[in-house]
Amino acid sequence: MKKKVLAIVMALTLAVSLTACTSSSSTEDSAGSADTTKAAEEEPEEEEETADAKETDSGSKGTILFSTKTITNNEFQRIMVEKCQEVVEAAGYTFELTLSGDELTVSKQVENIENAINKGVDGIIVAPMDGSSLIPALQKAKDADIPVIIADASLDEGNDDLFMAHIVSNNIAIGREAGQQMAKAIGEKGKVCVVRGAAGAMGSELRSQGFEEAIAEYPDIEIVNEQLGNWLSDVAMQVTENMLTSDPDMDGIFLCSDGMLSGVISGVQNKGLDPSQLCIVSVDGNISALDAIKDGTCYGCVAQYPANIGEMSANTMIDVLNGDLAIEDVEAEQDSGYFFMCTDTIEESESVAF
């Protein structure tokens, strides 16, 4: 009897145990399933929070791209870029620089800007290498609601809706200043020629236009030749030699950038002429131009302020991205100024040259 009772008790205990195990397993499976579903539902929110935390940790408010041709052997571009970077990073933004690698590879600049748009940068500052080639890329930036500032050079006319501000030295005024200074220096009569930059480069086009407008005011001065120097010293040397071969009794040479100045001077010397006997006027304000003025191989240079352009571009973009300035309230054309360097202004020229 005792054995029978014990068997019944053991059977009941085993049944209870099995029931408890089954119940516990079901509960755990159910809870595990519920937790998995909940985790799956909450996962995007957790990832978003992580991304926000990373952005906060990095301290960056966003990314501002600067696109230009090159900063190698181009002091103007280097100084403009470095000043812009200084202001951008001081304001808490990430500064990204893309370069085309040389003075002429416009297609690379287009590619750089399109890549930046695809990455979703917050703002674009661009020094256009060409007045027309960038237009489709900048239209994409507009479609993506990415604000754009044009620094230094220009786009072709009729595309003002693609950027909120153009920050530049007035290139037509610069050309006019060069023309008026040259006219006075050569006694308002004689033959002069022009070494332009690259084909399609609006900075070159506008400076040449301003120079021609100024010279047109002096009926006894004739512009006898104009050729492209492609912003390169060796090309400028060759075209200078070519122009002097055609007209060896030249009185003045206007060139659109200091980057070509050494080539122009060499071209004059290679033709057996003394650069100090010609009125050579350049544009930019490089120290090399100031040295040439002191040496007497260059008459003068219309200097720009690249640091001003970089700083003004950065501040305008930051004000817009911070919400301190509405795009419609941005001043569309902002002049960074210029200064004529010559022997009469050496002291101030030394403080301006870069």
Side-chain angles (χ1 to χ4, degrees), residues 171 173-198 203-204 207-304 338-346 349-350 352-353:
N171 280 306
I174 282 173
R176 289 186 63 84
E177 178 73 14
Q180 290 165 354
Q181 294 287 350
M182 182 177 290
K184 294 175 184 177
I186 65 175
E188 301 184 3
K189 62 181 179 180
K191 294 180 180 181
V192 301
C193 62
V194 178
V195 181
R196 293 173 174 260
S204 170
R207 291 169 196 172
S208 298
Q209 177 185 331
F211 179 80
E212 292 167 5
E213 289 175 356
I215 294 300
E217 298 173 3
Y218 302 91
D220 294 329
I221 301 178
E222 180 185 6
I223 299 176
V224 296
N225 208 333
E226 297 185 44
Q227 292 193 28
L228 295 173
N230 288 339
W231 307 119
L232 301 172
S233 179
D234 56 345
V235 178
M237 180 180 71
Q238 185 61 59
V239 300
T240 299
E241 291 176 3
N242 293 343
M243 291 190 288
L244 290 174
T245 297
S246 300
D247 292 278
D249 57 340
M250 201 77 68
D251 296 287
I253 302 175
F254 170 61
L255 57 144
C256 289
S257 173
D258 290 344
M260 302 183 288
L261 180 57
S262 63
V264 169
I265 293 172
S266 294
V268 172
Q269 293 170 333
N270 292 345
K271 296 304 293 182
L273 300 173
D274 183 352
S276 66
Q277 299 304 304
L278 281 75
C279 180
I280 298 175
V281 177
S282 185
V283 175
D284 276 343
N286 198 278
I287 289 175
S288 63
L290 180 58
D291 289 341
I293 291 170
K294 292 178 179 179
D295 292 341
T297 54
C298 176
Y299 174 75
C301 177
V302 187
Q304 303 183 79
Y338 62 86
F339 174 79
F340 189 68
M341 303 194 312
C342 64
T343 54
D344 293 335
T345 62
I346 286 295
S349 295
E350 289 177 339
V352 170

Seminar exercise, completed: Heavy-atom nearest pair, V264 first then A236, reads CG2-CB, 4.1 Å
Problem set entry | Side chain to side chain, D274 and V268, heavy atoms closer than 4.5 Å | no
Exercise. Does the side chain to side chain contact (heavy atoms under 4.5 Å, CB included) test come out yes or no for E188 and D220, once each step is laid out?
Worked result: CA-CA 7 Å; E188 301 184 3; D220 294 329; over 6 Å; no
For this session: Quick one: do V283 and C256 satisfy side chain to side chain contact (heavy atoms under 4.5 Å, CB included)? Show the steps, please.
Result: CA-CA 5 Å; V283 175; C256 289; 5.6 Å; no
Exercise. CG/L278 to CG/D249 distance, rounded to the nearest 0.5 angstrom?
Worked result: 10.0 Å
For this session: Determine the minimum heavy-atom distance between M341 and G285, stating which atoms define it.
Result: CE-CA, 3.8 Å
Exercise. Roughly how far apart are I253 CD1 and L244 CG, rounded to 0.5 Å?
Worked result: 5.0 Å
Exercise. If you look at every heavy atom in M243 and M250, which pair is closest and at what distance?
Worked result: O-CE, 3.9 Å
Problem set entry | Pair D234, Q238: side-chain N/O donor-acceptor within cut-off below 3.5 Å | no
Problem set entry | 4.5 Å side-chain heavy-atom contact, L228 and V235 | no
Exercise. Do C342 and T345 come close enough that some side-chain heavy atom pair is under 4.5 Å?
Worked result: yes
Seminar exercise, completed: Interatomic distance, CD1@I186 vs CG@D251, rounded to 0.5 Å, equals 5.5 Å
Exercise. Is there a side-chain contact between D258 and C301 (heavy atoms, below 4.5 Å)?
Worked result: yes
Exercise. Hey, does E350 have a side-chain heavy atom less than 4.5 Å from the side chain of K294?
Worked result: yes
Exercise. Do L255 and I280 come close enough that some side-chain heavy atom pair is under 4.5 Å?
Worked result: yes
Problem set entry | Gap between atom CZ of R176 and atom CD1 of I215 - 0.5 Å precision | 10.0 Å
Exercise. Is a side-chain N or O of T240 found less than 3.5 angstrom from the main chain of G267, in a donor-acceptor match?
Worked result: no
For this session: Taking all heavy atoms of L273 and all of P275, pick out the closest pair and write down the distance.
Result: O-CD, 3.5 Å
Exercise. So, do V192 and F211 sit near enough that their side-chain heavy atoms are less than 4.5 Å apart?
Worked result: yes
Seminar exercise, completed: Rounded to the nearest 0.5 Å, the CG atom of N242 sits from the NZ atom of K271 at a distance of 8.5 Å
For this session: Report the relative orientation of the aromatic rings in Y299 and F340; use parallel for angles under 30°, tilted for 30 to 60°, perpendicular for over 60°.
Result: tilted
Problem set entry | For S282 against S257, the heavy-atom pair lying closest together | OG-C, 3.4 Å
Problem set entry | Q269 CD to E241 CD distance, which is reported to the nearest 0.5 Å | 10.5 Å
Exercise. Taking all atoms of both residues into account, what is the closest heavy-atom pair of V194 and S208, and its distance?
Worked result: CG1-OG, 4.0 Å
Problem set entry | Verdict with supporting geometry, C298 and L261, side chain to side chain contact (heavy atoms under 4.5 Å, CB included) | CA-CA 8 Å; C298 176; L261 180 57; 4.2 Å; yes
Exercise. Should C279 and F254 count as side-chain neighbours, where that means a heavy-atom distance under 4.5 Å?
Worked result: no
